[in-house]
Protein chains: 2
Amino acid sequence: MPARAAKAEAKSEAKSAVSGKRKPKTEAQDIDASAHVGLDGLALHVGYAVRRFQLWIFQDFIKTLATVDITPTQYSVLTVISANPGLTQMAVAKRLGIERARLVHLLNALEQRTLVKRAASKVDRRSHALHLTASGEASLRQFKLLAAEHERHVIEKIGKDNRERLLEILAPFR
Amino acid sequence: MPARAAKAEAKSEAKSAVSGKRKPKTEAQDIDASAHVGLDGLALHVGYAVRRFQLWIFQDFIKTLATVDITPTQYSVLTVISANPGLTQMAVAKRLGIERARLVHLLNALEQRTLVKRAASKVDRRSHALHLTASGEASLRQFKLLAAEHERHVIEKIGKDNRERLLEILAPFR
DNA sequence: GTATTATTGTTGCATGCAACAACAATTGAT
DNA sequence: ATCAATTGTTGTTGCATGCAACAATAATAC
């Protein structure tokens with residue numbers, strides 16, 4: 001609970017880059033949140049823009065699918081299993097770039113909700129063949145409707161053609 | 001290299017979305033990692049592509065700036081402070097979309113490395129006016145060189161004009 | 001066939017980040 | 001003077017990642 005020391009002292013008079021007017025009432029010399037804060041070189045970094053965009057898009061996805069309690073990662077796992085029944089855990093992990101260990105927990109949760117079933121593989125007794133249950137398939141159909149709604153939010157935000165350009169540009173990373 | 005048992009059999013022929021041929025040699029029925037695994041609807045979701053891209057770009061950034069031990073988040077904080085000396089913690093947090101609490105740890109680390117200094121604000125004794133130290137400014141100049149190198153990696157990966165289109169499309173999120 | 005090596009799924013741990021709530025100090029308004 | 005709002009701090013929790021180990025099983029070498 002130390003707040004700060006009060007050794008206030010005439011510092012070197014912050015020569016802030018942002019210009020002129022701050023808050024009208026207080027002639028503050030520190031830059032507060034309502035002031036215009038420049039990004040400098042940051043604005044030229046793809047990584048920064050992508051991070052902000054990804055944050056926004058994940059939040060919207062989670063919000064849009066909140067009623068069914070499905071995260072983007074869970075959705076990707078369900079989709080891939082449904083499209084490729086009998087998939088191995090390793091195969092899912094590699095395809096989606098998820099760690100084996102992490103996938104274990106994800107599948108545990110999905111299996112408890114009886115969306116996914118781990119079946120004994122006929123060809124390799126080490127591995128599990130993954131399938132969606134009947135209710136899993138049914139649920140996924142509903143999830144996809146909501147995911148499509150989320151995708152419409154994306155269109156509203158960046159525009160139809162920008163979205164398509166984005167998909168093209170990022171295709172190598174899928 | 002997995003390669004697995006060879007008890008070929010025309011089983012129920014998993015009617016996977018991916019068509020016909022699996023591995024040439026083994027007619028396995030589970031789908032292993034070397035098989036072609038379809039993404040189904042996932043390929044049409046911007047969020048998925050963005051997540052994969054963001055993963056790649058952050059890894060490259062971290063690797064490229066490994067010698068100076070600076071993460072993307074730290075870099076963004078340093079850049080913004082340098083461009084707007086005297087910024088408040090709240091202002092930085094809001095501008096970069098970082099939580100106040102999270103920023104505390106970030107600044108602690110940066111202050112211990114004597115890159116950043118928390119000075120007492122003259123106008124509001126609750127807040128800190130943030131500045132880079134002299135060595136902080138010098139270090140940042142070096143970081144920017146490395147960050148530019150990282151950005152060249154991005155260009156190599158997606159192409160010069162794609163990168164520029166990306167920056168345009170994602171501009172609203174900066 | 002037996003011994004060795006590799007892979008799969010699992011568990012545990014250590015780290016780091018993000019979201020939340022609680023709190024003290026301070027400020028501005030009434 | 002009082003009171004609500006703001007700022008920075010702390011602590012907690014949950015989640016994701018990475019790493020290292022392990023048992024069971026499979027592939028390969030001998």
Side-chain angles (χ1 to χ4, degrees), chain A residues 1-6 8 23-28 30-34 51-52 54-56 58-59 62-63 69 71-74 76-77 87-94 96-109 111 116 118-130, chain B residues 1-7 25-26 28 30-34 51-52 54-56 58-59 62-63 69-74 76-77 87-94 96-109 111 116 118-130:
Chain A
M1 10 313 265
R4 71 207 68 335
K23 301 234 304 244
K25 34 177 65 175
T26 90
E27 207 59 77
D30 298 334
I31 304 173
D32 70 29
S34 62
R51 169 181 164 261
R52 301 296 303 251
Q54 209 248 15
L55 241 53
W56 179 87
F58 263 53
Q59 282 172 358
I62 292 172
K63 201 194 316 170
D69 192 31
T71 67
T73 310
Q74 290 175 318
S76 69
V77 170
L87 220 48
T88 276
Q89 292 190 195
M90 265 306 293
V92 173
K94 273 192 183 154
L96 296 179
I98 303 175
E99 283 242 342
R100 300 210 293 297
R102 167 104 191 90
L103 191 59
V104 172
H105 299 296
L106 284 170
L107 289 176
N108 286 346
E111 204 168 23
V116 170
R118 283 188 249 225
S121 164
K122 295 203 189 88
V123 284
D124 186 337
R125 300 215 318 241
R126 289 173 303 181
S127 59
H128 293 157
L130 301 175
Chain B
M1 303 23 289
R4 106 180 346 91
K7 60 187 25 185
K25 35 172 68 175
T26 92
D30 297 337
I31 303 175
D32 71 31
S34 61
R51 168 180 165 263
R52 300 297 301 251
Q54 208 249 14
L55 241 53
W56 178 88
F58 264 52
Q59 282 172 358
I62 292 172
K63 200 193 320 171
D69 193 31
I70 287 289
T71 66
T73 312
Q74 289 175 319
S76 70
V77 170
L87 266 189
T88 276
Q89 292 190 195
M90 266 304 293
V92 173
K94 273 191 183 155
L96 295 180
I98 302 175
E99 284 242 340
R100 298 208 301 288
R102 166 106 192 85
L103 193 58
V104 173
H105 300 296
L106 283 170
L107 289 176
N108 286 345
E111 204 168 25
V116 169
R118 285 188 248 223
S121 164
K122 296 204 189 91
V123 284
D124 186 338
R125 298 215 318 242
R126 289 172 304 178
S127 58
H128 292 157
L130 301 174

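So that the names make sense, note that chain A is the first sequence line, chain B the second, and so on, each numbered from 1. As the structure is a computational prediction, the values presented were derived from the model and not from experiment. Every heavy atom of this structure was used, including side-chain atoms; hydrogens, water molecules and symmetry mates were not.
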Any donor and acceptor pair, going by atom type alone, linking the side chain of [X] with main-chain N or O of [Y] inside 3.5 Å?
X      : Y      : answer
A:E111 : A:R118 : yes
B:T71  : B:Q74  : yes
A:R52  : B:L96  : yes

Closest to side chain of [X], choosing from [options]:
X      : options                : answer
B:R102 : C:dA18, C:dG9, D:dA26  : C:dA18
A:N108 : C:dT26, C:dT11, D:dA26 : C:dT11
B:R100 : C:dA22, C:dG9, C:dA19  : C:dA22
A:T88  : C:dT26, C:dC20, C:dG9  : C:dG9
B:H128 : C:dG9, D:dT17, D:dT9   : D:dT9

Return the value, rounded to whole Å, for the distance between atom [atom1] of [X] and atom [atom2] of [N].
X      : N      : atom1 : atom2 : result
B:F58  : D:dG18 : CZ    : P     : 14 Å
A:L107 : C:dT11 : CG    : C1'   : 15 Å
B:L103 : D:dT9  : CG    : C1'   : 12 Å
B:M90  : C:dT27 : CE    : C1'   : 14 Å
A:D124 : D:dA24 : CG    : P     : 16 Å
B:E99  : D:dT13 : CD    : P     : 17 Å
A:Q54  : D:dA16 : CD    : C1'   : 12 Å

Per the atom types in the model, does the base of C:dG9 pair as donor or acceptor with the side chain of A:R126 at under 3.5 Å?
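Side chain to base: no pair present.
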Query raised in the report: Hey, does B:Q89 reach any base, or is it just sugar-phosphate, or nothing, if we go heavy atoms under 4.0 Å?
Result: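 It contacts sugar-phosphate atoms only.
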Nearest nucleotide by nearest heavy atom, which residue falls closer to the 5' end of DNA chain C, B:A101 or B:L106?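 In this pair, the answer is B:L106.
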Which sits closer to the 5' end of DNA chain C, A:R51 or A:R118, going by the nucleotide each is nearest to?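 By nearest-heavy-atom nucleotide position, the 5'-most residue is A:R118.
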| query | Reckon B:Q59 has a side-chain N or O less than 4.0 Å from the OP1 or OP2 of D:dT17? | reply |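 For D:dT17, neither OP1 nor OP2 has a side-chain N or O of B:Q59 closer than 4.0 Å.
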If every non-hydrogen atom of A:S76 is compared with every non-hydrogen atom of A:T73, which pair is closest and at what distance?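 Looks like OG-O, 2.7 Å.
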Margin query: Tell me the closest heavy-atom pair linking A:P72 and A:I62, and the distance in Å.
Written below: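 Here A:P72 and A:I62 meet closest at CD-CG1, 3.8 Å.
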